[in-house]
**Student:** 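Take this structure first; my questions come after.
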Number of protein chains: 2
Amino acid sequence: MSCPPIPDESLGFLLTDATRAIRRRFEQRATELGLSSAQWRVLVHLLRRGPLSQARLAEFLEIEPISVSRLVDRMQEAGWVEREPDPNDRRVKRVVAKCKAHAAFENARQIADDLYEQALAGLPPGALETLTDALRRIIINLSDSPEAQNDR
Amino acid sequence: MSCPPIPDESLGFLLTDATRAIRRRFEQRATELGLSSAQWRVLVHLLRRGPLSQARLAEFLEIEPISVSRLVDRMQEAGWVEREPDPNDRRVKRVVAKCKAHAAFENARQIADDLYEQALAGLPPGALETLTDALRRIIINLSDSPEAQNDR
DNA sequence: TTGATTTAGTAAGCAGGCTTATAATATCTC
DNA sequence: GAGATATTATAAGCCTGCTTACTAAATCAA
């Protein structure tokens, strides 16, 4: 019975579990805000960068445009954002954050910050930076665009 | 404009992106096997531990029993597993891996191993262990059961 | 200018998570 | 034993991803 690497503690499984745990906790605490973690992510980009086309949003979020389309549908219904036409290109719809989004921002950010603090409790100082460096590297190494890929 | 922590590079977002990247790549390469990453995970547990009830499987996978139920539906349809009654408890259905699963195991494991190597390229030696330690810590810190929680 | 190609957004339909609710069976308590 | 409580699996219906396929508009090329 040679089973050298124990796969159920592998990188992929641990990443999956950690991500799910963070998402679950965030949504538990943001229930009263009515904000899911995917929607929170959209708001962060919109509030940082201003109105964006759905295509740009898809790039920033690293998801497919169709996924953005339906995410924005629900966020528009919930009153977080609006779609407005682009004066220069009749194909594009600019997604604009509404007042409600600005109002909720600090609140949600606090939830996220507290969550990260809880998540990292007991780890040595500097662990956060090591961790985020590694994650950034993994994302680049597995991205489709071959920019800055390390080997082969 | 005080925006100290740049949230779109936050831990949660990076984890989400890295996890999605790994899942995508795995499924691209495992297409010919017809195995999704969630299904691969089920097989790992079944082949390591033998037949399991759906409830136990849910615990190991850290997902809800209803999610297991539908996952197993699809895996049964695809011929990876079978449900069999438990002789000692008529409520439980034991999930058993079929030959097809054993046959595909090494193949899928190789895909996963190659993927991790690619993901970690360019990181210092020891990064994998630091990373998995941190992820395990995060998972424990955010789990519902208060066992081994660090503070508060 | 016309015709081909590219880009932006969306519909349909699937996988994999979730919450809430239900039925059947075990188990615990009195 | 009988009744209350737990546990096991599942149904219904939602959210967020995906692939594939389509329309409308912009852009490139001849």
Side-chain angles (χ1 to χ4, degrees), chain A residues 12-13 15-28 30-31 34-42 51-78 80-81 83-95 144, chain B residues 12-13 16-28 30-31 34-42 51-59 61-78 80-81 83-95 144:
Chain A
F13 291 176
L15 276 171
T16 301
D17 287 341
T19 302
R20 206 152 47 208
I22 286 194
R23 181 173 48 67
R24 258 198 299 228
R25 284 277 179 238
F26 179 87
E27 291 179 3
Q28 274 173 13
T31 294
L35 202 53
S36 74
S37 103
Q39 293 174 359
W40 161 236
R41 189 169 172 147
V42 171
L52 293 171
S53 73
Q54 295 187 191
R56 285 246 153 281
L57 214 36
E59 282 170 25
F60 284 128
L61 298 169
E62 299 189 59
I63 62 180
E64 298 303 312
I66 179 63
S67 302
V68 173
S69 188
R70 302 216 283 181
L71 192 46
V72 170
D73 280 352
R74 285 182 293 264
M75 292 182 71
Q76 188 166 24
E77 244 176 87
W80 295 113
V81 300
R83 284 170 166 107
E84 56 180 42
D86 184 301
N88 300 118
D89 188 332
R90 284 190 297 166
R91 291 170 306 178
V92 340
K93 297 178 185 172
R94 284 156 44 97
V95 182
D144 290 313
Chain B
F13 291 176
T16 301
D17 288 341
T19 302
R20 207 153 45 207
I22 286 194
R23 182 174 46 67
R24 259 198 299 229
R25 284 274 180 242
F26 179 86
E27 291 178 4
Q28 274 174 13
T31 294
L35 201 54
S36 74
S37 99
Q39 292 174 359
W40 162 236
R41 190 170 172 147
V42 171
L52 294 171
S53 73
Q54 297 187 188
R56 285 249 151 281
L57 215 35
E59 282 172 26
L61 297 171
E62 300 189 59
I63 61 180
E64 299 303 311
I66 179 62
S67 302
V68 173
S69 189
R70 301 214 285 179
L71 192 46
V72 170
D73 280 351
R74 286 183 292 264
M75 293 182 72
Q76 188 165 24
E77 244 174 87
W80 295 113
V81 301
R83 285 170 165 104
E84 57 180 41
D86 184 300
N88 301 117
D89 188 334
R90 282 189 299 164
R91 292 170 306 177
V92 340
K93 298 178 185 172
R94 285 156 43 97
V95 181
D144 291 312

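So that the names make sense, note that chain A is the first sequence line, chain B the second, and so on, each numbered from 1. These numbers come from the heavy atoms of this one structure, side chains and all, not from hydrogens, waters or symmetry mates. Keep in mind that this is a model prediction, so the values were computed, not measured.
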**Student:** Nearest whole Å is fine: how far is C:dG16 P from B:Arg23 CZ?
**Tutor:**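 Checked: the CZ to P distance equals 10 Å.
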
**Student:** Are B:Ser69 and D:dA11 close enough that a side-chain N or O sits under 4.0 Å from OP1 or OP2?
**Tutor:**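 False: B:Ser69 side-chain N/O out of range (4.0 Å or more) of D:dA11 OP1/OP2.
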
**Student:** Side-chain contact test, heavy atoms from C-beta onward, threshold under 4.5 Å: evaluate it for B:Ile22 versus B:Arg25 and give yes or no.
**Tutor:**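 Contact flag for B:Ile22/B:Arg25 side chains = no.
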
**Student:** Which way is the base of D:dA6 turned, syn or anti, if we draw the line at 90° from 0?
**Tutor:**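 Base orientation: syn.
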
**Student:** Please report the distance, rounded to the nearest Å, between CG in B:Leu61 and C1' in C:dC18.
**Tutor:**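 Rounding to the nearest Å, CG of B:Leu61 and C1' of C:dC18 are 15 Å apart.
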
**Student:** A:Arg25 CZ to C:dT19 P: how many Å, rounded?
**Tutor:**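 Result: 11 Å.
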
**Student:** Base, sugar-phosphate alone, or nothing: which one does A:Ile66 contact when heavy atoms must sit under 4.0 Å apart?
**Tutor:**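 Base, at least one base atom sits under 4.0 Å.
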
**Student:** Does A:Thr16 use its side chain to pair, donor to acceptor, with the backbone of A:Gly12 at less than 3.5 Å?
**Tutor:**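 Present.
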
**Student:** Measure distances between side-chain N and O atoms of B:Arg70 and base N and O atoms of D:dG13, and say whether any donor-acceptor pair falls under 3.5 Å.
**Tutor:**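 Checked by distance alone, the answer is yes.
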
**Student:** Contact class for B:Glu27 (heavy atom, under 4.0 Å): base, sugar-phosphate, or nothing?
**Tutor:**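 Result for B:Glu27 = nothing.
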
**Student:** Whom does D:dA6 pair with, Watson-Crick or G-U wobble, provided both distances fall under 3.5 Å?
**Tutor:**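 Base-paired to nothing in any strand shown.
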
**Student:** State, yes or no, whether a side-chain contact exists between A:Trp80 and A:Val42 at a heavy-atom distance under 4.5 Å.
**Tutor:**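 No, their side chains stay 4.5 Å or more apart.
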
**Student:** Taking the nucleotide of DNA chain C with the nearest heavy atom to each, does A:Thr16 or A:Arg56 sit closer to the 5' end?
**Tutor:**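 On the 5' side of the pair lies A:Arg56.
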
**Student:** Which nucleotide in the set C:dA24, D:dA25, C:dC18 lies at the smallest distance from any side-chain heavy atom of A:Asp89?
**Tutor:**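 The answer is D:dA25, which lies nearest to the side chain.
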
**Student:** Send over the distance from B:Lys93 NZ to C:dA24 P, rounded to a whole Å.
**Tutor:**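 Taking NZ of B:Lys93 and P of C:dA24, I get 12 Å after rounding.
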
**Student:** Between A:Arg90 and D:dA24, is there a contact of a side-chain N or O with OP1 or OP2 at under 4.0 Å?
**Tutor:**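 So the side chain of A:Arg90 is outside the cut-off, no N or O lying under 4.0 Å from OP1 or OP2 of D:dA24.
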
**Student:** With sugar-phosphate meaning primed atoms plus P, OP1 and OP2, does B:Arg83 contact a base, only sugar-phosphate, or nothing at under 4.0 Å between heavy atoms?
**Tutor:**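 Touches sugar-phosphate only.
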
**Student:** Please evaluate residues B:Arg20 and B:Asp17 with respect to the criterion salt bridge (charged side-chain N to carboxylate O under 4.0 Å, His left out), reporting the C-alpha separation (whole Å), side-chain torsions for both, the decisive distance (0.1 Å), and the verdict.
**Tutor:** CA-CA 5 Å; B:Arg20 207 153 45 207; B:Asp17 288 341; 3.2 Å; yes

**Student:** Would you say that A:Arg41 contacts A:Leu61 through its side chain, given a criterion of any heavy-atom pair below 4.5 Å between the two side chains?
**Tutor:**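 A:Arg41 reaches A:Leu61 side chain to side chain.
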
**Student:** Nearest whole Å is fine: how far is C:dA24 C1' from B:Asp86 CG?
**Tutor:**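 One finds 15 Å between C1' of C:dA24 and CG of B:Asp86, rounded.
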
**Student:** Can you check whether B:Arg74 has a side-chain N or O nearer than 4.0 Å to OP1 or OP2 of C:dG16?
**Tutor:**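 Yes, B:Arg74 has a side-chain N/O under 4.0 Å of OP1/OP2 on C:dG16.
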
**Student:** Would you check, one step at a time, whether the test side chain to side chain donor-acceptor pair (under 3.5 Å) holds for A:Gln54 with A:Arg83?
**Tutor:** CA-CA 9 Å; A:Gln54 295 187 191; A:Arg83 284 170 166 107; 2.9 Å; yes

**Student:** For the side chain of A:Ile63, counting heavy atoms from C-beta on, which of C:dT25, D:dG17, D:dA26 is nearest?
**Tutor:**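 So the side chain of A:Ile63 is nearest to D:dG17.
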
**Student:** Of the nucleotides D:dT8, C:dC18, D:dT16, which one has an atom closest to the side chain of A:Arg24?
**Tutor:**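 Nucleotide nearest to A:Arg24's side chain: C:dC18.
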
**Student:** Once you apply the 3.5 Å cut-off to both distances, tell me the Watson-Crick or G-U wobble partner of D:dA30, or none.
**Tutor:**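 C:dT1 is the nucleotide pairing with D:dA30.
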
**Student:** So, does A:Ser67 get its side chain near the phosphate of D:dC18, meaning an N or O under 4.0 Å from OP1 or OP2?
**Tutor:**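 For A:Ser67, the contact criterion (side-chain N or O under 4.0 Å from OP1 or OP2 of D:dC18) is met.
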
**Student:** If only side-chain N and O atoms of B:Gln54 are considered, is one of them under 4.0 Å from the OP1 or OP2 phosphate oxygen of D:dT10?
**Tutor:**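 For B:Gln54, the contact criterion (side-chain N or O under 4.0 Å from OP1 or OP2 of D:dT10) is met.
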
**Student:** Given atom CD of A:Gln39 and atom P of D:dC14, what is their separation to the nearest angstrom?
**Tutor:**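 These atoms are roughly 15 Å apart.
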
**Student:** Whether the side chain of A:Arg20 and the base of C:dG17 hold a donor-acceptor pair under 3.5 Å is what I'd like checked.
**Tutor:**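 Under the 3.5 Å cut-off, the side chain and the base do not form any donor-acceptor pair.
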
**Student:** Kindly say if A:Gln28 contacts the phosphate of C:dC18, meaning a side-chain N or O under 4.0 Å from OP1 or OP2.
**Tutor:**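 Checking A:Gln28 against C:dC18: no side-chain N or O falls below 4.0 Å of OP1 or OP2.
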
**Student:** Specify the separation, in whole Å, of atom CD of B:Glu59 and atom P of D:dT7.
**Tutor:**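 Taking atom P of D:dT7 as the reference, CD of B:Glu59 is at 10 Å.
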
**Student:** Is the B:Trp40 ring parallel, tilted or perpendicular to the B:Phe26 ring (thresholds 30°, 60°)?
**Tutor:**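 B:Trp40 and B:Phe26: parallel rings.
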
**Student:** Between B:Asp73 and A:Arg91, which residue's closest nucleotide on DNA chain D lies nearer the 5′ terminus?
**Tutor:**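 It is B:Asp73 whose nearest nucleotide is closer to the 5' end.
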
**Student:** Atom CD of A:Glu62 and atom P of D:dT16: how far apart are they, to the nearest Å?
**Tutor:**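 Interatomic distance, CD of A:Glu62 to P of D:dT16: 18 Å.
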
